[in-house]
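Read through the structure below, which is laid out as structure tokens, and then see the notes.
Only this structure's heavy atoms are used, side chains among them; waters, hydrogens and symmetry mates stay out. Positions are given from 1 along the sequence.
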Amino acid sequence: MTVRNTVEIGDVRITLVEELVMPTSVRWMLPDHPAPFELLDNCRSWLEPHFLNERGHILQSMHSWVIEADGMRIVVDTGIGNDKDREAEGYDGWHMRNGPYLADLAEAGSPAKKIDVVLNTHLHSDHAGWNTKWTNGHWAPTFVNARYQLVQQEWRYWDKVADSCPNIIEDSVRPLFEANVVDLVTADHRVSDSVELEPSHGHTPGHVCVRINSHGKSAIILGDVIHSPIQCAAPEQRPPLDSFIKEARIARRAFLERYADTDTIVLGSHFHTPAAGMIRRTGSTYRFDVAEA
Ligand SMILES: [Zn+2]
């Protein structure tokens, strides 16, 4: 059974639906850090037990957040997907998956056909995979009653580099245009009264976070601005995943500055469940404190 977590922000319910958990070495996560294991030890008290297992691996999660707000169901990020050729990515459990994501989504109360809007924080293979599924010999939209709101500058970038395009664009994004289910939107687009995009480019050129505001409470879905809570303690450090290293670093710093010591609940897009917490300043860096249910 899939792990879930539900967070309530005013009238809005936000539910994590997990697709895959990947235990990851801190050395891979922070390849440029001079003493990653020392850093891990220093952060152990707040990383354990949710984000660090007993073998000393950081737990990374691939998941969707489903927002129920303003009479709509909005899925943010669609994971890796089934039946997709992901040999080139090289990660365990990604290539030609046969996972229960759709059943888990339904069990969490949001079957694919009830989703009204799909948002991708960006168009990487672990965020847009379930945009489509293999149906009658072709890739068709998974969320058959949804509009897919793609950020214009993100799409333009991937569309332009199509010659060397990763499979994700061909099997999980172009078919959406062919099915005429895409609305191109700005990076500060308002999806509904309570849900809006917040520009945070760097990791990719059109990367966005998703902000939720309701009755004076707020939350923000992080996307890949920060991949692991341990980066709060070493904001200059990063896994080898950012398209634009300098811009990604600026976006990460700006995010930490903006949300540290506020009441905004940060919803990680790769943080292991419960994946929801608050950023707290400690000296010149930060920590991530899990939000108590
Ligand atoms: Zn990612």
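- Taking the six-membered ring for Trp, H124 and W158 have ring centres closer than 6.0 Å.
- Looking at E89 and K84, no side-chain N of the basic residue comes within less than 4.0 Å of a carboxylate O on the acidic one, giving no salt bridge.
- Judged purely by distance below 3.5 Å, without hydrogens or angles, the side chains of T264 and S218 pair a donor atom with an acceptor atom.
- Taking the six-membered ring for Trp and thresholds of 30 and 60 degrees, F271 and F51 have ring planes more than 60 degrees apart, a perpendicular arrangement.
- Counting Ile, Leu, Val, Met, Phe, Trp and Tyr side chains that sit under 4.5 Å apart, directly or through other members, V21 shares a hydrophobic cluster with L59.
- Other residues sharing the hydrophobic cluster of W139, ordered by chain and number and joined by side-chain separations under 4.5 Å: W134.
- A side-chain donor from one of S194 and D70 sits under 3.5 Å from a side-chain acceptor of the other.
- Under the 4.0 Å criterion applied to side-chain N and carboxylate O atoms, D126 and R86 are not assigned as salt-bridge partners.
- No more than 12 heavy-atom neighbours from other residues, nucleotides or ligands sit within 6.0 angstrom of CG on D92.
- Side chains of Q153 and H201: a donor-acceptor N/O pair is absent below 3.5 angstrom, by distance only.
- Scanning for ring pair (Phe, Tyr, Trp, His ring centres under 6.0 Å) contacts around Y101 gives W130, with sequence neighbours left out.
- In this pair, Y91 and W94 present their aromatic rings tilted. The plane angle is within the 30 to 60° band.
- For the salt bridge (charged side-chain N to carboxylate O under 4.0 Å, His left out) test, no residue two or more places apart in sequence or in another chain qualifies with D193.
- Under the side-chain contact (heavy atoms from CB on, under 4.5 Å) test applied with P274, the options V290, L16, V7 reduce to a single match, V290.
- V118 and V181 fall within a single hydrophobic cluster, where Ile, Leu, Val, Met, Phe, Trp and Tyr are joined by side-chain heavy atoms under 4.5 Å apart, directly or via other members.
- Residues satisfying the salt bridge (charged side-chain N to carboxylate O under 4.0 Å, His left out) test with D83, not counting sequence neighbours, are none.
- Within the model, atoms OH of Y157 and CD1 of I169 stand 10.0 Å from one another, a figure rounded to the nearest 0.5 Å.
- A search for ring pair (Phe, Tyr, Trp, His ring centres under 6.0 Å) contacts involving F244 returns nothing, not counting sequence neighbours.
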